[in-house]
Amino acid sequence: MPARLMDGTAFAAKLRERVKDGVDGLRRDHDLVPGLAVVLVGDNPASRVYVKNKAARTVEAGMRSFEHRLPANASEESLMALIAGLNADPAVHGILVQLPLPPQIQESAVLNAVAPAKDVDGFHPINVGLLATGKPGLVPCTPLACLMLAKEALGTLEGLDAVVIGRSNIVGKPVAQLLLTENCTVTVAHSKTRDLPAVCRRADLLIAAVGRPEMVKADWIKPGATVIDVGINRVDAAEAGKTRLVGDVDTLACASIAGAITPVPGGVGPMTIACLLVNTLRAACAGLGTQSPV
Ligand code: NDP
């Protein structure tokens with residue numbers, strides 16, 4: 001039987017509605033409007049599109065969107081001064097510095113300068129530490145998106161064999177930690193893993209975050225497994241001169257073996273932006289000492 005295709009676009013739309021309800025509640029009960037500040041340094045065209053999309057979704061969810069642009073030759077000091085101002089601004093509950101940054105700016109220094117309570121990307125060492133120790137904090141958006149999709153497909157994840165391919169700090173490691181907190185038995189595979197297909201075949205839940213087009217093949221999949229494809233890879237399309245997006249999973253082939261599978265595009269990607277809004281709402285609620293409804 002073919003796998004259920006998990007519609008990340010539809011799921012993200014529902015999640016954004018829930019965030020909007022939460023935002024409406026904050027405005028009504030606490031006279032507070034959550035605000036998300038996005039900082040863009042330089043004019044990388046892809047980053048410009050991401051920032052525009054994030055701002056549009058933020059406003060749709062009833063939040064305030066603050067966009068700050070610095071030129072490509074901006075100094076680290078000027079970016080640090082901007083972040084210090086946003087850290088102190090009571091109208092700003094979440095701060096996101098769009099990556100990559102130009103070479104004259106040290107990325108880790110900038111990410112460490114964002115106040116942990118406003119770190120909606122979940123990259124600050126304090127939030128990384130909270131996640132690693134299973135304590136509540138702000139969790140990176142793409143890993144949170146993977147967790148929500150996995151729970152949507154499977155309900156409880158307890159006791160499942162989960163395999164995460166990829167061990168980056170922004171996807172692989174935090175996904176693995178979230179799954180451990182959900183009581184999965186987690187294997188983290190990477191470029192030095194021996195016999196990756198055999199490791200993947202053990203997985204009830206397989207999460208691919210590699211950056212290699214359609215690397216995961218049908219005979220790597222345990223029958224009925226849930227497969228979440230984080231990869232975004234641009235490849236040549238059949239039509240000359242055109243390109244298309246594919247994931248890290250050979251979706252068409254794997255769909256005949258898996259129980260549920262996310263498409264690319266339309267899977268993890270839209271959920272990632274929705275999770276940024278979830279994190280902004282959570283940050284605003286935490287500032288009030290209340291529990292976020294989402
Ligand atoms: P990184 O390049 O930082 O990490 C890739 C990981 O894959 C590394 O751990 C690497 O292993 C591992 N890897 C590389 N080749 C192989 C191989 N042949 N076999 C097994 N493991 C391998 O990538 P990211 O984690 O940042 O991103 C991964 C993918 O997810 C990319 O396609 C990216 O575009 C996409 N992405 C999508 C997002 C979304 O919103 N949907 C958000 C963020 C990323 P090693 O550590 O040994 O080098």
Side-chain angles (χ1 to χ4, degrees), residues 5-9 11-13 15-16 38 44-47 49-54 57 96-101 107-108 111 120-123 128 131 138-150 152 162-179 186-203 206-217 219-221 227-235 243-251 254 261-279:
L5 207 60
M6 286 186 270
D7 185 345
T9 305
F11 189 26
L15 186 57
R16 291 196 306 272
V38 178
N44 178 318
S47 294
V49 173
Y50 294 143
V51 167
K52 194 166 154 246
N53 288 344
K54 284 169 187 170
R57 294 298 188 203
L96 182 146
V97 180
Q98 184 66 45
L99 302 179
L101 292 169
E107 207 165 276
S108 61
L111 298 180
V120 284
D121 249 343
F123 293 157
V128 173
L131 178 59
L138 288 165
V139 173
C141 301
T142 301
L144 185 58
C146 293
L147 180 69
M148 287 185 174
L149 284 162
E152 162 81 356
V163 172
V164 180
I165 321 176
R167 56 174 165 180
S168 72
N169 290 333
I170 62 163
V171 190
K173 279 183 201 151
V175 165
Q177 280 156 343
L178 284 172
L179 296 176
V186 184
T187 303
V188 182
H190 45 77
S191 67
K192 307 289 185 291
T193 296
R194 285 190 210 147
D195 200 353
L196 184 59
V199 170
C200 293
R201 274 193 289 272
R202 295 204 302 260
L206 178 65
I207 299 192
V210 189
R212 294 192 179 259
E214 300 181 322
M215 182 184 86
V216 176
K217 304 299 179 201
D219 63 353
W220 299 22
I221 307 295
V227 179
I228 295 182
D229 189 354
V230 182
I232 302 177
N233 309 289
R234 192 162 283 284
V235 297
T243 61
R244 64 192 176 100
L245 288 183
V246 298
D248 292 339
V249 176
D250 183 347
T251 318
C254 292
I261 194 164
T262 59
V264 176
V268 174
M271 281 297 290
T272 293
I273 297 195
C275 285
L276 175 65
L277 306 178
V278 169
N279 275 349

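In this text the structure is predicted, and so the values were computed from the model without any measurement. For ligands, and for the atoms within them, numbers begin at 1 and follow the listed sequence.
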* Asked: Looking at side-chain heavy atoms only, is the closest gap between D229 and V268 below 4.5 Å?
  -> no
* To do: Report, in ascending order of atom number, the atoms of ligand 1 lying under 4.0 Å from any heavy atom of V268.
  => 41 (N)
* To do: Answer yes or no: is there a side-chain heavy-atom contact under 4.5 Å between K52 and V49?
  => no
* Only heavy atoms count here, so choose which of I232, I273, T262 is nearest to atom 39 (C) of ligand 1. => I232
* To do: Looking only at protein heavy atoms, identify the closest one to atom 29 (C) of ligand 1 and say how far it is in Å.
  => G211 N, 3.7 Å
* Asked: Numbering the atoms of ligand 1 from 1, which are under 4.0 Å from a heavy atom of V210?
  -> 5 (C), 7 (O), 13 (N), 14 (C), 15 (N), 16 (C), 22 (C), 28 (C), 29 (C)
* Structure fact -> among protein heavy atoms, the one nearest atom 10 (C) of ligand 1 is S191 N, 4.3 Å
* Per-atom contacts of ligand 1 with R212, taking only distances under 4.0 Å to non-hydrogen atoms -> 14 (C), 15 (N), 16 (C), 18 (N)
* **Short side-chain to backbone donor-acceptor contact, D248 and R212, under 3.5 Å** => yes
* Which is closest to atom 44 (C) of ligand 1 in terms of heavy atoms, V246, N169, V171? -> V171
* To do: Could you pull out, from V164, V230, T193, the option with a heavy atom nearest to atom 36 (N) of ligand 1?
  => V230
* Asked: Is the shortest N/O to N/O distance between I170 and ligand 1 below 3.5 Å?
  -> no
* Output yes when the distance from some N or O of ligand 1 to some N or O of S168 is under 3.5 Å, and no in every other case. => yes
* Non-hydrogen atoms of M215 versus ligand 1: any pair closer than 4.0 Å? -> yes
* Non-hydrogen side-chain atoms of V227 and V216 separated by less than 4.5 Å -> no
* To do: Dump the intermediate steps for side chain to side chain contact (heavy atoms under 4.5 Å, CB included) on C254 and I261, then the final yes or no.
  => CA-CA 8 Å; C254 292; I261 194 164; 3.8 Å; yes
* Could you find the nearest protein heavy atom to atom 20 (C) of ligand 1 and give me its residue, atom name and distance? => H190 O, 3.2 Å
* To do: Go through ligand 1 atom by atom and flag the ones less than 4.0 Å from a non-hydrogen atom of L196.
  => 19 (N), 20 (C)
* Structure fact -> The atoms of ligand 1 lying under 4.0 Å from a heavy atom of T272, numbered in the order shown, are 39 (C), 40 (O)
* Asked: Which atoms from ligand 1 have a heavy atom of G166 less than 4.0 Å away?
  -> 6 (C), 7 (O), 9 (O)
* Asked: With a 4.5 Å limit on heavy-atom distance, are the side chains of F11 and M6 in contact?
  -> no
* Report yes if the side chains of V163 and L206 come closer than 4.5 Å at any heavy-atom pair, otherwise no. => yes
* **Sub-4.5 Å side-chain heavy-atom contact between P140 and C275** => no
* Check whether any side-chain heavy atom of L99 sits under 4.5 Å from a side-chain heavy atom of F123, and report yes or no. => yes
* For atom 46 (O) of ligand 1, the protein heavy atom that lies nearest, with its residue and separation -> R167 NE, 2.7 Å
* Asked: Closer than 4.0 angstrom: is that true for some heavy atom of A209 and an atom of ligand 1?
  -> yes
* Examine distances only and state if a side-chain atom of R244 and a backbone atom of V235 form a donor-acceptor pair shorter than 3.5 Å. => no
* Side chains of V139 and P174: does their closest heavy-atom pair fall under 4.5 Å? -> no
* Hey, does T142 sit under 4.0 Å from ligand 1 if you only count heavy atoms? -> yes
